[in-house]
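Okay, so here's the structure we're looking at.
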Amino acid sequence: MAYTVQIEHFEGPLDLLLQLVERDELAINKISLARVADQFVQYMQSDHVPAEEMADFLLVASKLVYIKSQLLLPDFKDEQMEEGPDLEAQLRQYQMFVNASRDLDAAWKTGAKSFERGSVIMRKREIKFVPPVNANLDVMQDLMKKVIARLEPIIKMPKAAIKRAVSIHERIDDLFKRIKMHAKMSFRHFLKDATHKEDAIVSFLALLELVKQRFVVVNQGDLFHDIDIKISPDAPERDPLAESFV
Amino acid sequence: MNLDQILEAILFASGRPLGLRKLSEITEASTEEVESALEELSQRLEASSGIMLQEYGHNFELVTKPNAAEAVKKVVKDDEQGELTRASLEALTILAYRGPMTRPELEQVRGIQSTMILRNLMIRGLVEQKDDERLGQPTYAVTFDFLKHLGLSSVKDLPDYEVLRGHAAISDMLEQLNPTSEAKADLPAADSLNV
Amino acid sequence: MNLDQILEAILFASGRPLGLRKLSEITEASTEEVESALEELSQRLEASSGIMLQEYGHNFELVTKPNAAEAVKKVVKDDEQGELTRASLEALTILAYRGPMTRPELEQVRGIQSTMILRNLMIRGLVEQKDDERLGQPTYAVTFDFLKHLGLSSVKDLPDYEVLRGHAAISDMLEQLNPTSEAKADLPAADSLNV
């Protein structure tokens, strides 16, 4: 059955992921997460994810790919990917808060508000100058500088995001080299090669990183396709893991 | 909710005396019903509350009971005097360096809602509303009394005035508030001090 | 005059939230005595009054009951907050149930960086930065304005409060951010509701 419900807008990676899972009326577990992994990547590329949020999307994308790979290779474990919160648990609690926020929204709109006590003190005659004992020129100069210092990171946020993307770019070049070293190994081969487990993990992680990289650098072009060509020219068409990169 | 409770809420929130007719209008009850509910309210408060219903002519107001006057004086005095909180001091400083500015502008620079703080600064006579508006909003600036307290004759004598007033971080931030070029033209003259 | 009545008069006169310590200072009673008198006050108002006691993080304010809102809006200017975006709602919900919390903690739950959303909510006066820090990070919580908009006397009145606040999964996840036992000791009291 084809689902026609469109995901129109999402506020963050967990929002998108939850919408995908809920649209297909799936329970939150590893199997459902693996199932929507590809769509997650597609939506993420099709929408305009702000630069400063890209890293958060990449993190979730890499976790999804990892979950999918684990279903295919039950004994495949990577310590780095095991770090941090478990995506499944994270999404479940996120869902809990999203549900609670719907109740809150309904309550917000009823207009059944409370009011504080009305103030009458704004009458002119009640205003009298009270010297502020702790206000002096030094304190004020210092405070003004602090206010400006607090604003600067906010102004610079877009620039910082670009900087981060650039540093990821450099890391990608590095990864590319590693991947090339493994390029001779077919995608399928390294997945199946139990005797060269370490190679497999290295390649796989490199792949993941590359995928992450590609997201960051652009929406332009078909990155994943690119990976296919570089890594696995002879990967079987139906290889389920390879599909997640298409 | 009973009428006496609704009347209590109305008088509490309005903070000023309200007439019988007005109360009847708001509650859509007859003046007789309002009068009897006010009597009920008065008795309930008399019996157990720290506040009471005061009547002058046909005007009604909630006030604190005289027995609590001593404690009440302490809190009111506290509001009016004593040191400024850090937040108040910060708002006052921004208004000194960058004023006159509107409340949304002040909030954009502070990153914090500033209604109460602005009100408190005005009660203390440190800040006043100016005659000119910007984008339909009143503007605020520090008072002459405050400058005198600092020993200054003009805000321009504040330390590093030109640099801090015209700092790009603040201009950029305020520009996000007024994206149109029209709004830009409305910015205070000292913007030309931008470096 | 009983302590609960004196406290009522003080809160009435001040018209803003006052802290437990401040109330104890003004009344010259111990914080335990003040707490129990406030509980008494809260119950008395709950039973018969048009106003109620609002509590958040050991701060207290008197406000009108939400049932009276329709009538009260006829006498006071209603600061329209407007609708909330989904992202704002989500962040507010998390902060209401789980706050005070640091920005990294909020981001952990939302899965996305939240600098701007926090700033927007602070400018709207729905969230504020608290005085206490955790692991060198400032903490954020919802404000009395937020509670007023929902007509709540406490965040504890939010649906399923204990379940959502004390949810084991969240605690585990936040603990990954705060691995030291020190940090744990700083968590708000309601954490003991953990199951």
Side-chain angles (χ1 to χ4, degrees), chain A residues 11-12 48-53 101 104-164, chain B residues 9-17 61-62 76 79-86 88-94 96-98 108-111 116 119-126 128 142-146 148-152 157-161 163-165 167-173 176:
Chain A
E11 298 279 0
H48 297 289
V49 174
E52 61 267 28
E53 293 177 1
S101 79
L104 201 128
D105 192 32
W108 188 265
K109 287 170 177 158
T110 62
K113 298 168 59 173
S114 286
F115 292 86
E116 67 222 356
R117 189 175 164 229
S119 58
V120 281
I121 29 192
M122 285 317 290
R123 291 177 199 150
K124 266 245 161 83
R125 61 185 163 81
E126 292 181 50
I127 295 174
K128 52 177 186 273
F129 180 70
V130 183
V133 287
N134 54 342
N136 62 54
L137 295 177
D138 288 344
V139 167
M140 289 173 71
Q141 184 182 19
D142 182 52
L143 270 179
M144 196 62 187
K145 282 181 180 162
K146 283 188 175 135
V147 166
I148 289 167
R150 208 166 65 204
L151 289 177
E152 277 177 333
I154 298 167
I155 303 269
K156 285 178 182 153
M157 250 173 65
K159 274 184 195 156
I162 292 166
K163 216 172 170 183
R164 194 162 48 161
Chain B
I10 291 169
L11 289 168
F12 175 88
S14 93
R16 62 194 156 93
E61 185 175 13
L62 289 177
V76 172
D79 272 357
E80 288 173 358
Q81 286 169 15
E83 299 203 336
L84 288 174
T85 62
R86 203 194 136 83
S88 293
L89 208 48
E90 181 187 281
L92 184 62
T93 299
I94 294 168
Y97 274 98
R98 187 71 199 194
Q108 177 79 352
V109 173
R110 290 191 66 217
M116 283 294 279
R119 206 189 77 177
N120 287 337
L121 290 173
M122 287 172 78
I123 293 169
R124 285 166 174 253
L126 300 172
E128 64 190 352
V142 293
T143 58
F144 186 66
D145 280 341
F146 175 60
K148 219 163 61 183
H149 168 76
L150 293 174
L152 304 179
D157 300 332
L158 285 164
D160 278 343
Y161 177 76
V163 174
L164 294 177
R165 177 183 178 84
H167 198 282
I170 292 177
S171 309
D172 287 358
M173 214 66 216
Q176 291 179 14

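Proteins get letters first, then strands, A, B, ... in listed order; numbering begins at 1 in each.
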Practice problem: Check the surroundings of atom CZ in A:Arg150: do more than 12 heavy atoms from other residues, nucleotides or ligands lie under 6.0 Å from it? | Solution: yes

Quiz prompt | Partner chain A: residue of B:Leu89, B:Ile94, B:Asp160 with the largest heavy-atom pair count (under 4.5 Å) | solution = B:Leu89

Quiz item: For A:Val147 and B:Thr93, what are the C-alpha separation, side-chain angles and deciding distance, and is it a side-chain contact (heavy atoms from CB on, under 4.5 Å)?
Solution: CA-CA 10 Å; A:Val147 166; B:Thr93 299; over 6 Å; no

Self-check item: Residue, of B:Leu150, B:Leu92, B:Thr143, that accumulates the most heavy atom pairs under 4.5 Å with chain A
Solution: B:Leu150

Quiz item: Which bit of B:Leu152 is near chain A, if near means a heavy-atom gap under 4.5 Å: side chain, backbone, both or neither?
Solution: side chain

Quiz item: Any idea which heavy atoms bring A:Met140 and B:Ala96 closest together, and the distance?
Solution: CE-CB, 3.6 Å

Self-check item: Rounded distance (nearest 0.5 Å) linking atom CZ of A:Phe115 with atom CZ of B:Phe12
Solution: 11.5 Å

Practice problem: Mind listing the closest non-hydrogen atom pair of A:Pro132 and B:His149 along with its distance? | Solution: O-NE2, 3.3 Å

Quiz item: For the atom pair CZ (B:Arg165) and CD1 (A:Ile148), what is the distance rounded to the nearest 0.5 Å?
Solution: 12.0 Å

Quiz item: Going from CG on A:Leu151 to CE on B:Met173, what distance comes out if it is rounded to the nearest 0.5 angstrom?
Solution: 5.5 Å

Self-check item: Side chain proximity check, A:Met144 to B:Ile170, heavy atoms < 4.5 angstrom
Solution: yes

Self-check item: chain B contact via A:Gln141 - which portion, at a heavy-atom distance below 4.5 Å
Solution: both

Practice problem: Not counting sequence neighbours, list each pair that qualifies as a salt bridge (Lys or Arg N to Asp or Glu O under 4.0 Å) and has a residue in residues 133-143 of chain A. | Solution: A:Asp142-A:Lys146

Quiz item: If you look at every heavy atom in A:Phe129 and B:Gly125, which pair is closest and at what distance?
Solution: CD1-O, 3.4 Å

Quiz item: Is the shortest heavy-atom distance from the side chain of A:Arg117 to the side chain of B:Leu62 under 4.5 Å?
Solution: no

